[in-house]
Number of protein chains: 2
Amino acid sequence: MTTQGSARERVLAAYEDLLINDGPRAATLGAVAATAGVSKGGLLYHFNSMEALTAGLVEKMRELATVDACIMSEDPDGCASYYVRTSIFGGTTFDRTVVAAMRLAQGEDSTVRAAFAEMHERWYKLILSDIKDPTVARAVMLLGDGLYYNAALFGLPTTPGQDAEAAGAVDVEALLRVVAQMRASVGQ
Amino acid sequence: MTTQGSARERVLAAYEDLLINDGPRAATLGAVAATAGVSKGGLLYHFNSMEALTAGLVEKMRELATVDACIMSEDPDGCASYYVRTSIFGGTTFDRTVVAAMRLAQGEDSTVRAAFAEMHERWYKLILSDIKDPTVARAVMLLGDGLYYNAALFGLPTTPGQDAEAAGAVDVEALLRVVAQMRASVGQ
DNA sequence: TTCACTATACCGGCCGGACGGTATAGTATA
DNA sequence: TATACTATACCGTCCGGCCGGTATAGTGAA
């Protein structure tokens with residue numbers, strides 16, 4: 001039962017928790033309310049339907065994505081490096097939100113998919129500004145995507161801030177060297 | 001309403017359809033039965049619970065994965081090439097099953113996650129037998145994963161066998177050239 | 001300062017329907 | 001008649017969503 005922050009924030013955080021740990025089927029209104037330490041009525045005051053709850057999550061993700069893009073564009077080691085480095089799932093607020101939203105990327109819920117498409121577009125542009133060759137840029141981005149999805153879908157640490165380097169984890173250092181080599185091979 | 005094949009097969013196919021198109025929340029027993037053109041009783045004759053239905057899906061995926069691994073190991077262009085090539089989502093039976101199972105990769109349903117872990121392990125070993133360097137092999141595999149997940153989670157063609165090369169699609173040919181170069185750079 | 005009124009935030013109970021699952025009767029084939 | 005399978009009816013529970021009500025804080029006029 002989460003008890004810090006405003007009720008609205010807690011509800012959103014609880015929704016994320018349930019989506020990540022137990023999946024969309026378990027993330028019912030009642031469960032979310034209970035996890036947030038709020039009554040169902042209280043939850044529905046802030047989000048008057050399941051759809052609104054999802055919309056709130058997407059909006060939060062959009063906001064965090066904007067901040068992240070800003071940091072990414074100013075990374076001293078370049079956008080490509082940043083993207084791969086941050087794809088190992090650090091357990092940040094942004095990571096949690098993205099992973100939760102990913103669990104909802106389905107069928108009719110086109111708003112979620114649209115938000116992801118937008119985010120991917122932005123990331124690609126940033127990586128392309130770092131690695132000029134479109135194909136190599138795409139390859140690097142896909143590599144980061146693979147890392148992120150694998151972690152998000154299967155190897156997620158249950159409690160945040162825990163061992164990101166679990167058993168069978170990928171050697172990101174070595175991976176970054178490969179990426180650096182790819183970047184160098186294309187000039188610039 | 002699907003009407004070919006045995007009832008059991010149709011039920012499994014319907015479950016996949018619903019998971020892919022409408023997500024886990026919509027894939028209820030009633031909806032699956034209706035989509036399969038079978039009564040709920042008929043469905044429960046073959047799979048006597050939701051859990052059993054999921055187990056059936058996982059088992060099907062395991063079987064198809066074994067076949068796929070066999071084909072992969074004998075590809076004339078090498079396992080790495082095969083992996084990346086087949087990651088663009090061809091709409092094959094295997095693809096559909098994997099994507100459906102992916103939607104269930106969550107919380108307590110550890111059997112699904114275990115099956116994926118197993119599959120990944122097998123793929124990695126095959127790629128490593130093709131590309132000797134562990135890091136490069138991992139990079140290539142992650143690239144394929146990224147391709148696959150992006151397609152599975154966001155850019156899925158609604159009707160199978162449709163345009164796999166949709167708008168904003170990735171140039172796989174070019175990507176394969178990058179992979180070939182990575183393979184060559186490591187010798188062998 | 002007091003009164004009337006409003007806005008915000010939240011609670012807990014309730015309803016109709018959908019859900020997972022069971023029981024059972026029925027049917028086609030061998 | 002046995003086997004393999006299907007369809008219907010139903011049960012108890014849970015779910016999404018709504019509603020009446022409460023507590024608090026604030027606002028403006030007298």
Side-chain angles (χ1 to χ4, degrees), chain A residues 1-60 100-101 103-104 106-109 111-112, chain B residues 1-19 21-60 100-101 103-104 106-112:
Chain A
M1 170 139 62
T2 322
T3 41
Q4 9 185 339
S6 76
R8 207 194 118 100
E9 285 165 9
R10 277 178 320 175
V11 166
L12 234 31
Y15 189 35
E16 290 174 5
D17 272 4
L18 285 166
L19 282 174
I20 292 172
N21 297 324
D22 304 321
R25 272 181 191 159
T28 66
L29 292 185
V32 171
T35 306
V38 162
S39 72
K40 216 159 101 172
L43 184 157
L44 286 161
Y45 171 78
H46 293 286
F47 305 96
N48 54 34
S49 73
M50 191 85 232
E51 206 178 333
L53 190 54
T54 300
L57 184 66
V58 171
E59 195 194 323
K60 182 179 173 187
R103 296 275 155 93
L104 294 172
Q106 69 199 18
E108 265 336 84
D109 225 327
T111 57
V112 181
Chain B
M1 172 137 65
T2 321
T3 43
Q4 6 185 343
S6 76
R8 208 193 118 98
E9 285 165 7
R10 277 178 323 182
V11 166
L12 235 30
Y15 189 35
E16 291 175 4
D17 273 5
L18 284 166
L19 282 174
N21 297 324
D22 304 320
R25 282 211 257 238
T28 65
L29 291 186
V32 171
T35 305
V38 161
S39 72
K40 214 163 101 172
L43 184 155
L44 285 161
Y45 173 78
H46 294 287
F47 305 96
N48 55 34
S49 72
M50 190 85 228
E51 205 178 334
L53 190 55
T54 300
L57 184 67
V58 171
E59 195 195 322
K60 182 180 173 186
R103 295 276 155 93
L104 294 172
Q106 69 200 17
E108 265 335 85
D109 225 326
S110 57
T111 59
V112 181

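Chain letters run A, B, ... following the sequence lines, proteins first and then strands; every chain starts at 1.
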Subject >> Interatomic distance, B/L43 CG vs D/dA4 C1' [rounded to whole Å] >> reply: 16 Å
**OP:** Grab the two heavy atoms, one from B/R10 and one from B/V38, that are nearest each other, plus how far apart they are.
**Re:** NH2-CG2, 3.5 Å
**OP:** For D/dT6, take OP1 and OP2 only and decide whether either is under 4.0 Å from a side-chain N or O of B/H46.
**Re:** yes
Subject >> Value in whole Å for how far the P atom of C/dT8 lies from OH of A/Y45 >> reply: 6 Å
Original post:
Rounding to a whole Å, what distance do you find between B/F47:CZ and C/dG20:P?
Top reply: 15 Å
**OP:** Show your working on side chain to side chain contact (heavy atoms under 4.5 Å, CB included) between A/L104 and B/R25 and close with a plain yes or no.
**Re:** CA-CA 10 Å; A/L104 294 172; B/R25 282 211 257 238; 3.2 Å; yes
**OP:** Go through the structure and list residues passing side-chain contact (heavy atoms from CB on, under 4.5 Å) with B/A31, not counting sequence neighbours.
**Re:** B/L18, B/T28
Subject >> Pairs touching residues 39-49 of chain B that satisfy side chain to side chain donor-acceptor pair (under 3.5 Å), sequence neighbours left out >> reply: none
Original post:
Residues in side-chain contact (heavy atoms from CB on, under 4.5 Å) with B/L53, at least two apart?
Top reply: B/V11, B/L12, B/Y15, B/L29, B/V32, B/F47, B/M50
Under 3.5 Å, N/O pairs linking protein and nucleotides 21-23 of chain C:
{"unit_1": "C/dG21", "atom_1": "OP2", "unit_2": "B/M50", "atom_2": "N", "d": "2.8"}
{"unit_1": "C/dG21", "atom_1": "O6", "unit_2": "B/K40", "atom_2": "NZ", "d": "3.0"}

**OP:** Measure from the side chain of B/T28, starting at C-beta and using heavy atoms only, and say which of D/dT8, C/dG20, D/dC5 lies closest.
**Re:** C/dG20
Original post:
Roughly, in whole Å, what's the span from CZ in A/R10 to C1' in C/dA9?
Top reply: 11 Å
Subject >> Shortest non-hydrogen contact between B/A27 and B/L19, atoms and distance >> reply: CB-CD2, 3.9 Å
